[in-house]
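What follows is a set of notes on a single structure, which appears directly below.
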Amino acid sequence: MMMTGKVAIVTGAAQGLGAAIARLLVDAGAKVLITDILDDAGTAMAQELGDHARFLHHDVADAAGWEAAVEAAEQAFGPVTVLVNNAAMTQRPASVENFSADEYRRIFEVNQLSVFLGLHTVAPSMKKAGQGAIVNISSVAGLVGQRAAIGYVATKFAVRGMTKAAALDLAPYNIRVNCVHPGAVDTPMLRQVGEALGGDPIGDFCRTLPIPRTANPSEVAQAVLFLASDAASFCTGVIMPVDGGWTV
């Protein structure tokens, strides 16, 4: 699963799962543009990874920001051959009648519209390169419903469908599109959800799984590396849970 010669954009890569993905891609030989709205953490991550990484402030819900990201990657490293649509937000716990239209609109923009913009904007660069691998990060919430999470669930289900549609659209150009569905991963976002819920409901639930714990971000990053690499050259439209058996 070597990535020598690959040029990647990883969104939401200043911390958590995105940082683990960026680190693993660089370790495998890729050159990576790290994007995020967390400037200090993103800059520090790029410095940690050295000459094979750059950081760009990037609002993934903004079309112009995507154009700037592709341009920055091309100028630094060459045509983009890997995209990891990782950036996302969670929602405050709220049932459907208590979740506002404005809240729904915002989570749609960050979790779903951003994936479309990434697919749309990066495809021409990949066509230029003659190859591409796109990995969308969804969630177990894109496979099964969850209470008090209608916005998050809706957007993550959408990412799964978008993956399959884009896989068909882009296959003629030697561009593969796959999707990873993480379960409970030990990241700042998961900790934020746990704090909002109070107590330790996430830990209590994870102890009931076939693999009874949360995942380390590096464990999900390994699945992303596989799908982004030439080792997965015959895989497109794949829906891959990395969830400790949650959806079994």
Side-chain angles (χ1 to χ4, degrees), residues 1-4 6-58 60 69 73 77 80-90 110-111 114-115 118 133-142 152 156 159 163 178-194 202-203 206 209 211 213-229 231-232 238-244 246:
M1 297 194 295
M2 294 304 296
M3 299 291 289
T4 304
K6 306 290 188 184
V7 176
I9 296 174
V10 183
T11 66
Q15 63 181 10
L17 178 56
I21 293 167
R23 185 178 291 110
L24 192 58
L25 291 176
V26 169
D27 287 347
K31 296 177 180 178
V32 179
L33 180 71
I34 294 166
T35 84
D36 210 303
I37 59 172
L38 302 175
D39 293 345
D40 291 344
T43 299
M45 176 58 58
Q47 291 173 345
E48 174 193 328
L49 297 180
D51 292 341
H52 281 202
R54 300 286 190 279
F55 171 71
L56 181 72
H57 179 92
H58 178 203
V60 292
F77 303 126
V80 179
T81 53
V82 173
L83 168 64
V84 182
N85 275 314
N86 169 72
M89 64 178 290
T90 187
V110 174
N111 289 10
S114 70
V115 174
I134 298 171
V135 184
N136 297 324
I137 306 300
S138 180
S139 167
V140 289
Y152 189 73
K156 291 304 187 178
V159 170
T163 297
N178 296 293
C179 192
V180 171
H181 291 255
V185 185
D186 185 14
T187 64
M189 190 166 80
L190 185 71
R191 293 181 213 122
Q192 178 185 351
V193 173
I202 294 172
C206 288
L209 296 175
I211 300 177
R213 59 176 175 82
T214 58
N216 185 287
S218 64
E219 294 176 294
V220 180
Q222 289 284 351
V224 175
L225 174 62
F226 167 68
L227 292 172
S229 76
V238 167
I239 304 303
M240 180 183 289
V242 185
D243 64 358
W246 184 333

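Along the sequence shown, residues are numbered consecutively beginning with 1.
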Do other residues, nucleotides or ligands put more than 12 heavy atoms under 6.0 Å from the CD1 atom of I37?
no
Any residue meeting side-chain hydrogen bond (donor to acceptor under 3.5 Å, both in side chains) with N85, in chain and number order, not counting sequence neighbours:
N136
Tell me every residue that passes ring-ring contact (aromatic ring centres under 6.0 Å, His included) with H181, counting only those two or more places apart in sequence or in another chain.
none
What donor-acceptor contacts under 3.5 angstrom involve side-chain atoms of residues 220-228, with partners at least two apart or in another chain?
none

Please collect all side chain to side chain donor-acceptor pair (under 3.5 Å) contacts where either partner lies in residues 19-33, sequence neighbours excluded, each pair once.
R23-E48
Is a donor on one side and an acceptor on the other found under 3.5 Å between the side chain of S138 and the backbone of K156?
yes
Please name all residues satisfying side-chain contact (heavy atoms from CB on, under 4.5 Å) with A13, sequence neighbours left out, ordered by chain then number.
V10, A22, I34
By side-chain hydrogen bond (donor to acceptor under 3.5 Å, both in side chains), D243 pairs with (sequence neighbours left out) T247
Could you pull out the closest heavy-atom pair between A69 and L33, with the gap in Å?
O-CD2, 3.2 Å
Please name all residues satisfying salt bridge (Lys or Arg N to Asp or Glu O under 4.0 Å) with D186, sequence neighbours left out, ordered by chain then number.
R191
I need the minimum non-hydrogen distance between N111 and M89, along with the two atoms involved.
OD1-N, 2.8 Å
Those residues that, when tested against T43, pass side-chain hydrogen bond (donor to acceptor under 3.5 Å, both in side chains) (two or more places apart)
none
Name all residues meeting the side-chain contact (heavy atoms from CB on, under 4.5 Å) criterion together with T187; count only those two or more places apart in sequence or in a different chain, and write none if there are none.
L17, V185, M189, L190, P217
Are side-chain heavy atoms of F55 and D39 found at a separation under 4.5 Å?
yes
Nearest-0.5 Å distance, OG1 of residue T81 to CD1 of residue I9:
10.0 Å
Checking S229 side chain against M2 main chain: does a donor-acceptor pair fall under 3.5 Å?
no
Identify the two heavy atoms, one from V60 and one from V110, that lie closest to each other, and give their separation to 0.1 Å.
CG2-O, 4.0 Å
What heavy-atom pair brings G29 and H52 nearest, and what distance separates the two atoms?
O-ND1, 4.1 Å
Is any side-chain heavy atom of H58 closer than 4.5 Å to one of T11?
yes
Do V32 and L49 come close enough that some side-chain heavy atom pair is under 4.5 Å?
no
Return the CD1 to OG1 distance between I134 and T163, rounded to the nearest 0.5 Å.
9.0 Å
Distance from T35 atom OG1 to L38 atom CG, nearest 0.5 Å?
10.5 Å
In chain order, what residues pass the side-chain contact (heavy atoms from CB on, under 4.5 Å) check against L209, with sequence neighbours excluded?
F205, C206, W246
What pairs with K6 under side-chain hydrogen bond (donor to acceptor under 3.5 Å, both in side chains), at least two apart in sequence or on another chain?
Q131, D230
